[in-house]
Amino acid sequence: MAASGIRTVHQPIHPSLRSLLDPQYIEFHEKYLQYVPSSESIPWDPACRFEPSPSAAGRSPFIEVGSTRDFDYGGNEQLRIFVPKGERPQDGWPVLMWMHGGGWTMGDLSSENSFLTQICSELPCMVISVNYRHAPENPYPAAIDDVVAGFTWIVSPAGQKELGVDLKRIAVGGLSAGGGLAAILSLKAAEMQPPVSIAFQLMIVPVIDNTATAETSWKGNAYAPWLTPARMLWYRNMYLPNKEDWTNWDVSPNFAPPKLLAKSPKTWVAVAELDILCEEAVEYGKQLQSSGVQAKVVVYPGSTHSILIFDGVLDIGKRLVNDACRALKEALS
């Protein structure tokens, strides 16, 4: 805070975007977010993962579910399991395996829990959130290795015995970096021997192309708030310190060969119009469609990368949550 008592604005809204942004977002940003120093401007300290999040004021409340428990099956990753109320169906619960956001460096089992409890309650559906290892302590391929390991356990006989899920109704999903991990997991599952069928993938503002820059697909939204090119590169360089990895398809799924992309499940992608990741997500949807995959991309006007985590204060965030629940319910019914 400045000596005069006036709070320092670290992240102002760029003038060129003010007329385009959702007014509810502008109000929230100028009340909370503009005063937060950008992550990349502060020396890295792992302790920042445990500091209060400025996004907390924008979250919707948790929905009561049948049970919530954290489970350790012996892998590197942690699992949080949300079980609906009521009796388990005869063939087992449909299940959504979820990968949280946070640029491969932040986030944990508590991330996106309000959204996950709503899915669990409304469908109803078991939801399993995976807390994979984080960069920079654990760079690529730690996150995707953990996600694949967690999925492999869920569909194994041991996982079946512990969870009681319906293997014919498995969905994967994720937010931001987690959305990209979900896309990659779908491709990895198709390559397993024997292949494991995933019924649906749900990606919200996903990271798809880790070669993107402010000179390429980010250019149109280079002044978008909160997730700026500088912040995204800060995340990328911690998870992907070796530039030669950036075009690997288990880093950037848009580089997967068409024959592999064609094995992706039915897909629903939520895209924020004013997000640097907008174009790469839209283009990935087109890639899937060109490969014969049933893929739907929904662009939410005036919204930013924070659309899901601020669903408690943004009407457009609530709309996204309802749309995602509807798409998932249709796919797993």
Side-chain angles (χ1 to χ4, degrees), residues 75-77 79 96-107 128-156 170-198 200-213 216-217 232-267 269 277 280-281 283-288 290-291 293 295:
N76 289 313
E77 63 287 348
L79 307 178
L96 170 66
M97 177 179 169
W98 181 259
M99 278 60 72
H100 66 73
W104 310 282
T105 66
M106 312 289 280
I128 303 175
S129 180
V130 180
N131 188 32
Y132 44 86
R133 287 173 294 167
H134 297 128
E137 300 92 335
N138 299 284
Y140 167 78
I144 188 58
D145 283 352
D146 289 356
V147 165
V148 171
F151 177 80
T152 302
W153 179 79
I154 289 169
V155 301
S156 71
I170 298 176
V172 298
L175 172 70
S176 191
L181 292 172
I184 296 162
L185 174 59
S186 292
L187 302 177
K188 293 272 190 179
E191 285 206 320
M192 291 178 178
Q193 296 299 325
V196 179
S197 178
I198 291 175
F200 190 67
Q201 60 180 353
L202 184 147
M203 297 179 283
I204 299 177
V205 295
V207 180
I208 296 296
D209 183 0
N210 273 298
T211 68
T213 68
T216 58
S217 65
M232 190 64 227
L233 289 173
W234 180 75
Y235 286 136
R236 180 189 292 170
N237 288 327
M238 285 199 283
Y239 180 55
L240 299 162
N242 299 315
K243 192 172 182 178
E244 58 268 24
D245 293 329
W246 293 4
T247 56
N248 294 352
W249 66 255
D250 65 351
V251 167
S252 301
N254 57 308
F255 285 96
K259 286 186 178 180
L260 181 55
L261 285 176
K263 298 178 182 179
S264 297
K266 182 178 178 181
T267 301
V269 188
L277 305 180
E280 64 196 71
E283 289 302 313
Y284 190 63
K286 292 178 181 178
Q287 276 186 276
L288 293 176
S290 296
S291 298
V293 177

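The chain is numbered in sequence order, starting from 1.
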**Request:** Please step through side chain to side chain contact (heavy atoms under 4.5 Å, CB included) for the pair V207 and E280, ending with a clear verdict.
**Result:** CA-CA 8 Å; V207 180; E280 64 196 71; 4.2 Å; yes

**Request:** Take K286 and E283 through the test salt bridge (Lys or Arg N to Asp or Glu O under 4.0 Å) and record every step on the way to the result.
**Result:** CA-CA 5 Å; K286 292 178 181 178; E283 289 302 313; 3.5 Å; yes

**Prompt:** For W104 and N138, what are the C-alpha separation, side-chain angles and deciding distance, and is it a side chain to side chain contact (heavy atoms under 4.5 Å, CB included)?
**Reply:** CA-CA 9 Å; W104 310 282; N138 299 284; over 6 Å; no

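Between Y239 and A135, the shortest heavy-atom contact is CA-CB, 3.6 Å. P253 and A183 make their closest contact through CG-CB, 4.1 Å (heavy atoms, listed as atom of the first residue, atom of the second, distance). For the pair G174 and A182, the tightest heavy-atom approach, listed with the atom from each and the gap, is N-CB, 4.0 Å. Residues H134 and G107 come closest through the heavy atom pair CE1-O, 2.8 Å. For the pair G101 and S176, the tightest heavy-atom approach, listed with the atom from each and the gap, is CA-CB, 4.4 Å. Closest heavy-atom contact between P195 and A190: CB-O, 3.6 Å.
With N254 as the partner, the side chain to side chain contact (heavy atoms under 4.5 Å, CB included) test is satisfied by one option alone out of D209, L288, T247: D209. In summary, of the residues considered (V269, L96, V172), a side chain to side chain contact (heavy atoms under 4.5 Å, CB included) with Q201 occurs for V172 alone.
Rounded to the nearest 0.5 Å, atoms CG (N237) and CG (N242) are 10.5 Å apart. Taken from CD1 in I208 to OG in S217, the straight-line distance is 11.0 Å, to the nearest 0.5 Å. Taken to the nearest 0.5 Å, the OG atom of S156 stands 10.5 Å off from the CZ atom of F151. From M97, atom CE reaches atom CD1 of I198 across 8.5 Å, with rounding to the nearest 0.5 Å. The distance from atom OH of Y284 to atom OG of S264, rounded to the nearest 0.5 Å, is 4.5 Å. Separation of atoms CE (M232) and CG (N210) is listed at 5.5 Å; rounding is to 0.5 Å.
For the pair T211/F255, a side-chain contact is recorded, criterion being any heavy-atom separation below 4.5 Å from C-beta on.
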Can you list, pair by pair, the side-chain donor-acceptor contacts under 3.5 Å of residues 142-150, counting residues two or more places apart and other chains?
| unit_1 | atom_1 | unit_2 | atom_2 | d |
| --- | --- | --- | --- | --- |
| D146 | OD1 | R133 | NE | 3.2 |
| D146 | OD1 | R133 | NH2 | 2.9 |
| D146 | OD2 | R133 | N | 2.9 |
| D146 | OD2 | R133 | NE | 2.9 |

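Side-chain contact of D250 with Y140: a donor-acceptor pair under 3.5 Å is present, judged by distance alone.
The main-chain N or O of W246 is found under 3.5 Å from a side-chain atom of S252 such that the two form a donor-acceptor pair.
Every residue meeting the side-chain contact (heavy atoms from CB on, under 4.5 Å) condition with A256, not counting sequence neighbours, appears here in chain and number order: L187, W249, L260, L261.
Taking the six-membered ring where tryptophan is involved, the planes of Y132 and H100 are essentially parallel, since the angle between them stays under 30° and well short of 60°.
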